[in-house]
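For ligands, and for the atoms within them, numbers begin at 1 and follow the listed sequence. Side chains included, hydrogens not; waters and symmetry mates left out as well; all remaining heavy atoms used.
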Amino acid sequence: METELKGKGALVSGASRGIGKGIALALAREGCSLAICAREQGPLEEAASELAEAGAPQVFARTLDVTDREAAEPFVAAAVEELGRLDVLVNNVGGNRRKSFEETTDEDWDDLLELNLLSALRLSRLAIPEMRKAGGGAITFISSIFGREAGGAGLSLYNVTKTAMISAAKIMAMELASEGIRVNSVAPGSIRFPGGSWDRRVKEDPEGMAEFISANLPLGRFGTVEEVANLVVFLSSPQAGLITGACIPADGSQGRSLI
Ligand SMILES: NC(=O)c1ccc[n+]([C@@H]2O[C@H](COP(=O)([O-])OP(=O)(O)OC[C@H]3O[C@@H](n4cnc5c(N)ncnc54)[C@H](OP(=O)(O)O)[C@@H]3O)[C@@H](O)[C@H]2O)c1
(Lines give C-alpha, C1' and ligand atoms only; values in the text may rest on other atoms or scores of the structure.)
Protein backbone atom coordinates (compact mmCIF):
# COMPACT_ATOMS: atom_id res chain seq x y z
CA MET A 1 0.00 0.00 0.00
CA GLU A 2 1.26 3.46 -0.90
CA THR A 3 0.90 5.61 2.23
CA GLU A 4 0.97 8.91 0.30
CA LEU A 5 2.98 10.47 3.13
CA LYS A 6 5.92 11.50 0.96
CA GLY A 7 6.64 15.23 1.29
CA LYS A 8 4.34 15.69 4.31
CA GLY A 9 5.44 17.42 7.52
CA ALA A 10 5.15 15.47 10.79
CA LEU A 11 5.74 16.46 14.41
CA VAL A 12 6.36 13.71 16.99
CA SER A 13 6.74 14.72 20.64
CA GLY A 14 9.22 12.77 22.77
CA ALA A 15 11.03 11.16 19.86
CA SER A 16 14.57 10.74 21.19
CA ARG A 17 14.00 7.09 22.19
CA GLY A 18 11.45 4.32 22.48
CA ILE A 19 8.03 4.43 20.86
CA GLY A 20 8.29 8.08 19.78
CA LYS A 21 11.60 7.55 18.02
CA GLY A 22 10.23 4.42 16.34
CA ILE A 23 7.23 6.37 15.07
CA ALA A 24 9.43 9.20 13.78
CA LEU A 25 11.70 6.71 11.99
CA ALA A 26 8.75 4.94 10.38
CA LEU A 27 7.36 8.29 9.15
CA ALA A 28 10.83 9.26 7.86
CA ARG A 29 10.99 6.02 5.84
CA GLU A 30 7.70 7.08 4.20
CA GLY A 31 9.34 10.35 3.12
CA CYS A 32 7.95 12.73 5.77
CA SER A 33 9.97 15.66 7.04
CA LEU A 34 10.15 15.47 10.83
CA ALA A 35 10.03 17.86 13.77
CA ILE A 36 10.96 16.20 17.06
CA CYS A 37 11.55 17.23 20.65
CA ALA A 38 12.77 15.83 23.97
CA ARG A 39 14.43 17.34 27.04
CA GLU A 40 17.89 15.81 26.73
CA GLN A 41 20.01 17.09 23.87
CA GLY A 42 22.42 14.20 23.14
CA PRO A 43 19.85 11.47 22.39
CA LEU A 44 17.71 14.00 20.51
CA GLU A 45 20.60 14.87 18.18
CA GLU A 46 21.36 11.18 17.63
CA ALA A 47 17.71 10.56 16.77
CA ALA A 48 17.75 13.50 14.34
CA SER A 49 20.74 11.99 12.48
CA GLU A 50 18.98 8.62 12.28
CA LEU A 51 15.88 10.29 10.85
CA ALA A 52 17.91 11.99 8.11
CA GLU A 53 19.58 8.65 7.30
CA ALA A 54 16.16 6.99 7.18
CA GLY A 55 15.06 9.36 4.43
CA ALA A 56 13.46 12.42 6.06
CA PRO A 57 14.03 15.33 3.65
CA GLN A 58 14.10 17.86 6.55
CA VAL A 59 14.65 17.25 10.26
CA PHE A 60 14.00 19.88 12.93
CA ALA A 61 15.02 18.81 16.44
CA ARG A 62 14.72 21.08 19.48
CA THR A 63 15.19 20.42 23.19
CA LEU A 64 11.86 21.16 24.80
CA ASP A 65 10.01 20.29 27.96
CA VAL A 66 6.43 19.94 26.74
CA THR A 67 5.16 20.87 30.21
CA ASP A 68 6.62 24.36 29.69
CA ARG A 69 3.50 26.17 28.54
CA GLU A 70 5.29 29.17 27.04
CA ALA A 71 7.65 27.04 24.93
CA ALA A 72 5.08 25.19 22.84
CA GLU A 73 4.04 28.03 20.52
CA PRO A 74 7.57 29.04 19.43
CA PHE A 75 8.45 25.34 18.99
CA VAL A 76 5.55 24.65 16.64
CA ALA A 77 6.11 27.93 14.77
CA ALA A 78 9.80 27.11 14.22
CA ALA A 79 8.94 23.54 13.19
CA VAL A 80 6.46 24.77 10.56
CA GLU A 81 8.96 27.35 9.33
CA GLU A 82 11.60 24.62 8.89
CA LEU A 83 9.33 21.91 7.43
CA GLY A 84 7.20 24.27 5.36
CA ARG A 85 3.96 22.53 6.39
CA LEU A 86 2.39 20.39 9.13
CA ASP A 87 0.17 17.44 8.20
CA VAL A 88 0.80 14.96 11.00
CA LEU A 89 1.03 15.32 14.79
CA VAL A 90 1.81 12.42 17.11
CA ASN A 91 1.37 13.22 20.81
CA ASN A 92 3.72 10.62 22.23
CA VAL A 93 5.20 12.13 25.43
CA GLY A 94 3.85 10.45 28.53
CA GLY A 95 4.79 8.93 31.82
CA ASN A 96 3.59 7.15 34.93
CA ARG A 97 3.73 7.89 38.65
CA ARG A 98 2.72 4.85 40.65
CA LYS A 99 1.24 5.40 44.13
CA SER A 100 -1.96 4.67 46.03
CA PHE A 101 -4.78 7.10 45.27
CA GLU A 102 -4.84 8.27 48.90
CA GLU A 103 -1.17 9.23 48.72
CA THR A 104 -1.55 11.27 45.54
CA THR A 105 -1.24 15.02 45.98
CA ASP A 106 -2.52 18.02 44.03
CA GLU A 107 1.04 18.38 42.75
CA ASP A 108 1.00 14.79 41.41
CA TRP A 109 -2.27 15.47 39.62
CA ASP A 110 -1.02 18.79 38.22
CA ASP A 111 2.20 17.14 37.01
CA LEU A 112 0.63 14.09 35.35
CA LEU A 113 -2.28 15.99 33.85
CA GLU A 114 0.23 18.42 32.36
CA LEU A 115 2.62 15.71 31.11
CA ASN A 116 0.10 13.21 29.70
CA LEU A 117 -2.85 15.38 28.72
CA LEU A 118 -2.52 19.17 28.70
CA SER A 119 0.78 19.27 26.81
CA ALA A 120 -0.74 17.10 24.08
CA LEU A 121 -3.88 19.24 23.90
CA ARG A 122 -1.72 22.36 23.60
CA LEU A 123 0.38 20.95 20.75
CA SER A 124 -2.83 19.85 19.03
CA ARG A 125 -4.38 23.32 19.31
CA LEU A 126 -1.24 24.80 17.78
CA ALA A 127 -1.15 22.19 15.00
CA ILE A 128 -4.79 22.51 13.90
CA PRO A 129 -4.47 25.89 12.08
CA GLU A 130 -1.38 24.59 10.27
CA MET A 131 -3.21 21.42 9.20
CA ARG A 132 -6.09 23.57 8.03
CA LYS A 133 -3.66 25.52 5.83
CA ALA A 134 -2.33 22.21 4.46
CA GLY A 135 -5.87 21.10 3.57
CA GLY A 136 -6.21 18.46 6.30
CA GLY A 137 -4.16 16.32 8.61
CA ALA A 138 -3.99 13.58 11.21
CA ILE A 139 -3.45 13.79 14.95
CA THR A 140 -2.68 10.66 16.96
CA PHE A 141 -2.52 10.43 20.75
CA ILE A 142 -0.39 7.66 22.23
CA SER A 143 -2.55 6.49 25.13
CA SER A 144 -2.35 2.99 26.65
CA ILE A 145 -4.44 -0.10 27.23
CA PHE A 146 -4.78 1.48 30.67
CA GLY A 147 -6.64 4.34 29.08
CA ARG A 148 -9.23 1.82 27.84
CA GLU A 149 -9.62 -0.25 31.00
CA ALA A 150 -8.68 -0.30 34.69
CA GLY A 151 -4.94 -0.83 35.14
CA GLY A 152 -5.20 -1.72 38.83
CA ALA A 153 -4.20 -0.35 42.21
CA GLY A 154 -1.56 2.38 42.23
CA LEU A 155 -2.38 3.55 38.72
CA SER A 156 -4.96 6.30 39.26
CA LEU A 157 -2.70 9.06 37.87
CA TYR A 158 -1.81 7.05 34.76
CA ASN A 159 -5.26 5.58 34.18
CA VAL A 160 -7.16 8.86 34.52
CA THR A 161 -4.82 10.84 32.28
CA LYS A 162 -4.57 8.13 29.60
CA THR A 163 -8.38 7.77 29.53
CA ALA A 164 -8.73 11.54 29.17
CA MET A 165 -6.53 11.47 26.06
CA ILE A 166 -8.90 9.00 24.38
CA SER A 167 -11.88 11.12 25.36
CA ALA A 168 -10.31 14.32 24.02
CA ALA A 169 -9.34 12.65 20.74
CA LYS A 170 -12.94 11.52 20.17
CA ILE A 171 -14.45 14.97 20.67
CA MET A 172 -11.71 16.62 18.59
CA ALA A 173 -12.42 14.11 15.82
CA MET A 174 -16.10 15.11 15.77
CA GLU A 175 -15.27 18.82 15.68
CA LEU A 176 -12.58 18.57 12.99
CA ALA A 177 -13.93 15.88 10.65
CA SER A 178 -15.50 18.34 8.23
CA GLU A 179 -12.10 20.00 7.74
CA GLY A 180 -10.33 16.78 6.84
CA ILE A 181 -8.43 16.61 10.13
CA ARG A 182 -8.67 13.11 11.62
CA VAL A 183 -7.96 12.47 15.31
CA ASN A 184 -7.35 9.03 16.79
CA SER A 185 -5.69 7.42 19.76
CA VAL A 186 -3.53 4.32 19.97
CA ALA A 187 -3.44 2.08 23.03
CA PRO A 188 -0.18 0.14 23.25
CA GLY A 189 0.19 -2.82 25.56
CA SER A 190 3.59 -3.61 27.12
CA ILE A 191 6.24 -2.55 24.59
CA ARG A 192 9.86 -3.58 25.15
CA PHE A 193 12.86 -1.78 23.65
CA PRO A 194 16.49 -1.47 24.79
CA GLY A 195 16.70 0.90 27.76
CA GLY A 196 12.91 1.12 28.16
CA SER A 197 10.98 0.39 31.35
CA TRP A 198 10.04 -3.20 30.39
CA ASP A 199 13.61 -3.95 29.34
CA ARG A 200 14.81 -2.75 32.76
CA ARG A 201 12.24 -4.87 34.57
CA VAL A 202 13.13 -7.99 32.59
CA LYS A 203 16.81 -7.49 33.43
CA GLU A 204 16.09 -6.85 37.14
CA ASP A 205 13.64 -9.72 37.59
CA PRO A 206 13.73 -12.24 34.72
CA GLU A 207 11.67 -14.88 36.55
CA GLY A 208 8.98 -12.46 37.68
CA MET A 209 8.74 -11.07 34.17
CA ALA A 210 8.48 -14.57 32.68
CA GLU A 211 5.46 -15.09 34.94
CA PHE A 212 4.06 -11.70 33.91
CA ILE A 213 4.38 -12.65 30.25
CA SER A 214 2.68 -15.98 30.68
CA ALA A 215 -0.19 -14.44 32.71
CA ASN A 216 -0.74 -11.27 30.66
CA LEU A 217 0.66 -11.44 27.14
CA PRO A 218 -1.26 -13.93 24.95
CA LEU A 219 1.40 -13.73 22.22
CA GLY A 220 3.99 -14.89 24.77
CA ARG A 221 6.15 -11.81 24.16
CA PHE A 222 6.27 -8.05 24.53
CA GLY A 223 5.22 -5.79 21.69
CA THR A 224 7.84 -3.97 19.63
CA VAL A 225 8.23 -0.30 18.87
CA GLU A 226 7.89 -1.07 15.15
CA GLU A 227 4.50 -2.73 15.69
CA VAL A 228 3.16 0.45 17.30
CA ALA A 229 4.89 2.68 14.74
CA ASN A 230 3.35 0.83 11.77
CA LEU A 231 -0.13 1.47 13.15
CA VAL A 232 0.60 5.16 13.68
CA VAL A 233 1.95 5.47 10.11
CA PHE A 234 -1.27 3.98 8.79
CA LEU A 235 -3.46 6.28 10.93
CA SER A 236 -1.38 9.27 9.77
CA SER A 237 -1.85 8.33 6.13
CA PRO A 238 -4.74 9.35 3.84
CA GLN A 239 -5.27 5.58 3.44
CA ALA A 240 -6.93 5.69 6.89
CA GLY A 241 -9.46 8.23 5.58
CA LEU A 242 -12.48 6.63 7.28
CA ILE A 243 -10.76 6.19 10.62
CA THR A 244 -11.30 9.10 12.96
CA GLY A 245 -12.43 9.22 16.58
CA ALA A 246 -11.16 5.68 17.08
CA CYS A 247 -8.96 4.22 19.79
CA ILE A 248 -7.02 1.30 18.39
CA PRO A 249 -5.11 -1.13 20.62
CA ALA A 250 -1.66 -2.36 19.63
CA ASP A 251 -1.40 -4.91 22.39
CA GLY A 252 -1.45 -8.51 21.12
CA SER A 253 -4.77 -8.93 22.99
CA GLN A 254 -3.16 -8.01 26.33
CA GLY A 255 -6.03 -5.59 27.00
CA ARG A 256 -9.24 -6.98 28.51
CA SER A 257 -11.61 -4.40 27.08
CA LEU A 258 -14.37 -5.88 24.90
CA ILE A 259 -14.55 -2.75 22.73
N1 LIG B 1 6.54 1.42 26.72
C2 LIG B 1 5.35 0.88 26.93
O3 LIG B 1 5.21 -0.31 27.23
C4 LIG B 1 4.10 1.74 26.79
C5 LIG B 1 2.85 1.11 26.91
C6 LIG B 1 1.69 1.87 26.76
C7 LIG B 1 1.78 3.22 26.50
N8 LIG B 1 3.00 3.81 26.40
C9 LIG B 1 3.05 5.25 26.12
O10 LIG B 1 3.84 5.49 24.98
C11 LIG B 1 4.51 6.74 25.09
C12 LIG B 1 6.02 6.52 24.91
O13 LIG B 1 6.46 5.55 25.84
P14 LIG B 1 7.98 5.09 25.92
O15 LIG B 1 7.99 3.85 26.75
O16 LIG B 1 8.60 5.11 24.58
O17 LIG B 1 8.57 6.31 26.83
P18 LIG B 1 10.06 6.71 27.22
O19 LIG B 1 11.03 5.61 26.95
O20 LIG B 1 9.99 7.27 28.60
O21 LIG B 1 10.39 7.90 26.18
C22 LIG B 1 9.72 9.10 26.31
C23 LIG B 1 10.22 10.09 25.29
O24 LIG B 1 9.62 11.36 25.57
C25 LIG B 1 10.61 12.32 25.98
N26 LIG B 1 10.03 13.10 27.08
C27 LIG B 1 9.67 12.65 28.30
N28 LIG B 1 9.18 13.68 29.02
C29 LIG B 1 9.24 14.77 28.23
C30 LIG B 1 8.88 16.13 28.40
N31 LIG B 1 8.38 16.58 29.56
N32 LIG B 1 9.05 17.00 27.37
C33 LIG B 1 9.56 16.56 26.19
N34 LIG B 1 9.93 15.28 25.97
C35 LIG B 1 9.76 14.40 26.98
C36 LIG B 1 11.82 11.47 26.36
O37 LIG B 1 13.06 12.18 26.23
P38 LIG B 1 13.67 13.05 27.46
O39 LIG B 1 13.67 12.18 28.67
O40 LIG B 1 15.04 13.44 26.98
O41 LIG B 1 12.76 14.24 27.61
C42 LIG B 1 11.71 10.35 25.35
O43 LIG B 1 12.17 10.77 24.09
C44 LIG B 1 4.12 7.30 26.47
O45 LIG B 1 3.02 8.18 26.32
C46 LIG B 1 3.71 6.05 27.23
O47 LIG B 1 2.78 6.34 28.28
C48 LIG B 1 4.17 3.11 26.54
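- Side chain to side chain, Ser124 and Asn91 meet the donor-acceptor criterion of an N or O pair below 3.5 Å.
- When each of Val186, Asn116, Leu121 is tested with Phe141 by the rule side-chain contact (heavy atoms from CB on, under 4.5 Å), just one qualifies, namely Leu121.
- Classification of Lys133 and Glu130 as a salt-bridged pair holds, one side-chain N sitting under 4.0 Å from a carboxylate O.
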Could you walk me through whether Asp199 and Arg201 pass the salt bridge (Lys or Arg N to Asp or Glu O under 4.0 Å) check?
CA-CA 5 Å; Asp199 197 47; Arg201 289 166 80 171; over 6 Å; no
Take Ile128 and Ile139 through the side-chain contact (heavy atoms from CB on, under 4.5 Å) test and state the conclusion after the steps.
CA-CA 9 Å; Ile128 288 164; Ile139 299 174; 4.1 Å; yes
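- Lys8 contributes atom NZ, which lies 13.0 Å from atom CG of Leu83 (distance to the nearest 0.5 angstrom).
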Protein N/O near ligand 1 N/O, under 3.5 Å, which pairs?
residue	atom	partner	partner atom	Å
ligand 1	3 (O)	Ile191	N	2.8
ligand 1	3 (O)	Ile191	O	3.4
ligand 1	3 (O)	Trp198	NE1	3.1
ligand 1	16 (O)	Ile19	N	2.9
ligand 1	19 (O)	Arg17	NE	3.1
ligand 1	20 (O)	Arg17	NH2	3.3
ligand 1	21 (O)	Arg17	NE	3.4
ligand 1	28 (N)	Arg39	NH2	3.4
ligand 1	31 (N)	Asp65	OD1	2.9
ligand 1	32 (N)	Leu64	O	3.4
ligand 1	32 (N)	Val66	N	2.9
ligand 1	37 (O)	Ser16	OG	3.3
ligand 1	39 (O)	Arg17	NH1	3.3
ligand 1	39 (O)	Arg39	NH2	2.9
ligand 1	40 (O)	Arg39	N	3.4
ligand 1	40 (O)	Glu40	N	3.0
ligand 1	41 (O)	Arg39	N	2.8
ligand 1	41 (O)	Arg39	NE	2.7
ligand 1	41 (O)	Arg39	NH2	3.4
ligand 1	43 (O)	Gly14	O	3.4
ligand 1	43 (O)	Ser16	N	3.1
ligand 1	43 (O)	Ser16	OG	2.7
ligand 1	45 (O)	Asn92	O	2.8
ligand 1	45 (O)	Gly94	N	3.4
ligand 1	45 (O)	Lys162	NZ	2.9
ligand 1	47 (O)	Tyr158	OH	3.1
ligand 1	47 (O)	Lys162	NZ	3.0

